[in-house]
Asker: 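There's a structure below that I have some questions on.
One-based numbering, in listed order, for ligands and for the atoms of each.
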Amino acid sequence: MAVDAREKLIVALDVPSVAAAEAVVERLGSSVVFYKIGYQLAFAGGLVMASKLIADGKQVFLDLKLHDIGNTVEKGVQSVAKTGATFVTVHAYPQTMKAAVAGKGESNLRILAVTVLTSYDDADLAAAGYDMDVPELAAARAQQARDIGIDGLVCSPEEVAKLRTIAGPDMTLVTPGIRPAGSAAGDQKRIMTPAQAIEAGADYLVVGRPVLEASDPRQAADGIVMEITRSKK
Ligand code: C5P
């Protein structure tokens, strides 16, 4: 299904309050149609705001990274599906992923799995009791996600090409770590420009600070959409 370039840009509402988030949305106007709400805003009234955004015709990605016993995940995802959100994240444990797929039922909600948190290195995995390195565990979980019927994966731009070979053409790959040419990397270490990430096979780009901290956020968002439109994909 062809997705309009504007819909491929997901702006992360990484702000502390609904008032701050509403100011961002107001400023971005029709330039941005897709927003991501994570822990910071979700636990500060962001879930109510999500419903309002959806009622206003925006799409919402709830980055809640769910993980619990299967029954709890399934019921939680049923509730998320009722909000009309487009994406929700879960950690890529098989039981959690199966429960999330059951919970979304016939709704339009799409489940995205986080394979291995990008803040984890091999030593963190060993400390957590895993006998695999990061690439091995990420690949194994991507394969399990695909087999379980998960809709997509969140991954760094560098992983996109490799994960596409595992995920196949139908899974949705969503990538943060995007920096338009000339913008500050911040704490992101593995970055690509919007065009590079799309050309590597990403379906959606999550962008926070390069838009939120721009002197003209709307112009920054329009610039990213323009880059997506011009990418060779
Ligand atoms: O400000 P910036 O563009 O770096 O924001 C990226 C967004 O993507 C943030 O909401 C961050 O939590 C999220 N994210 C990330 N790296 C991951 C997973 C999610 O930067 N591996």
Asker: Looking just at side-chain N and O atoms, do T96 and H91 make a donor-acceptor pair shorter than 3.5 Å?
Answerer: no
Asker: Counting from 1, what ligand 1 atoms have a heavy atom of V206 closer than 4.0 Å?
Answerer: 7 (C), 8 (O)
Asker: Taking C-beta and beyond as the side chain, do I148 and P94 meet within less than 4.5 Å on heavy atoms?
Answerer: yes
Asker: For atom 11 (C) of ligand 1, find the nearest protein heavy atom and state the residue, atom name and distance (0.1 Å precision).
Answerer: K36 NZ, 4.3 Å
Asker: Show which atoms of ligand 1 fall inside a sub-4.0 Å distance from at least one heavy-atom site of A12.
Answerer: 10 (O)
Asker: Taking 4.0 angstrom as the limit and counting only heavy atoms of R179, give me the atoms of ligand 1 inside it, by number and element.
Answerer: 1 (O), 2 (P), 3 (O), 4 (O)
Asker: Test your reading of the structure: does K65 have an N or O sitting under 3.5 Å from an N or O of ligand 1?
Answerer: no
Asker: Mind running side chain to side chain contact (heavy atoms under 4.5 Å, CB included) on V160 and M192 for me, showing each step along the way?
Answerer: CA-CA 11 Å; V160 165; M192 281 193 191; over 6 Å; no
Asker: Have a look at G38, G208, S156 and point out the one with the heavy atom closest to atom 3 (O) of ligand 1.
Answerer: G208
Asker: Answer with side chain, backbone, both or neither: which part of S119 has a heavy atom less than 4.0 angstrom from an atom of ligand 1?
Answerer: neither
Asker: Go through ligand 1 atom by atom and flag the ones less than 4.0 Å from a non-hydrogen atom of D14.
Answerer: 9 (C), 10 (O)
Asker: For T172 and D203, does a side-chain donor sit closer than 3.5 Å to a side-chain acceptor?
Answerer: no
Asker: Assess whether atom CD of Q95 is packed by more than 12 heavy atoms of other residues, nucleotides or ligands within 6.0 Å.
Answerer: no
Asker: Under 3.5 Å, is there a donor-acceptor pair between the side chain of R146 and the main chain of I166?
Answerer: yes
Asker: Would you call T86 and R110 a side-chain contact if the rule is heavy atoms closer than 4.5 Å?
Answerer: yes
Asker: Looking at V207, which atoms of ligand 1 are within less than 4.0 Å of one of its heavy atoms?
Answerer: 3 (O)
Asker: May I ask you to list the atoms of ligand 1 that are less than 4.0 angstrom from any heavy atom of P210?
Answerer: 3 (O)
Asker: Taking atom OH of Y120 as the centre, does the number of heavy atoms from other residues, nucleotides or ligands within less than 6.0 Å exceed 12?
Answerer: no
Asker: Kindly check if the number of other-residue, nucleotide or ligand heavy atoms within 6.0 Å of CG (D147) is above 12?
Answerer: yes
Asker: Would you mind running through ligand 1 and noting each atom that sits below 4.0 Å from a heavy atom of T118?
Answerer: 16 (N), 17 (C), 21 (N)
Asker: Closest non-hydrogen protein atom to atom 6 (C) of ligand 1, residue and atom name please, with distance?
Answerer: Q188 NE2, 3.7 Å
Asker: Would you say F61 and T89 make side-chain contact, with heavy atoms under 4.5 Å?
Answerer: yes
Asker: I'd like to check which ligand 1 atoms, numbered from 1 as shown, lie under 4.0 Å from a non-hydrogen atom of R209.
Answerer: 1 (O), 2 (P), 3 (O), 4 (O)
Asker: Nearest protein heavy-atom contact for atom 19 (C) of ligand 1: which residue, which atom, what distance?
Answerer: P176 CG, 3.7 Å
Asker: Taking distance alone, with no angle check, do D63 and ligand 1 share an N/O pair under 3.5 Å?
Answerer: no
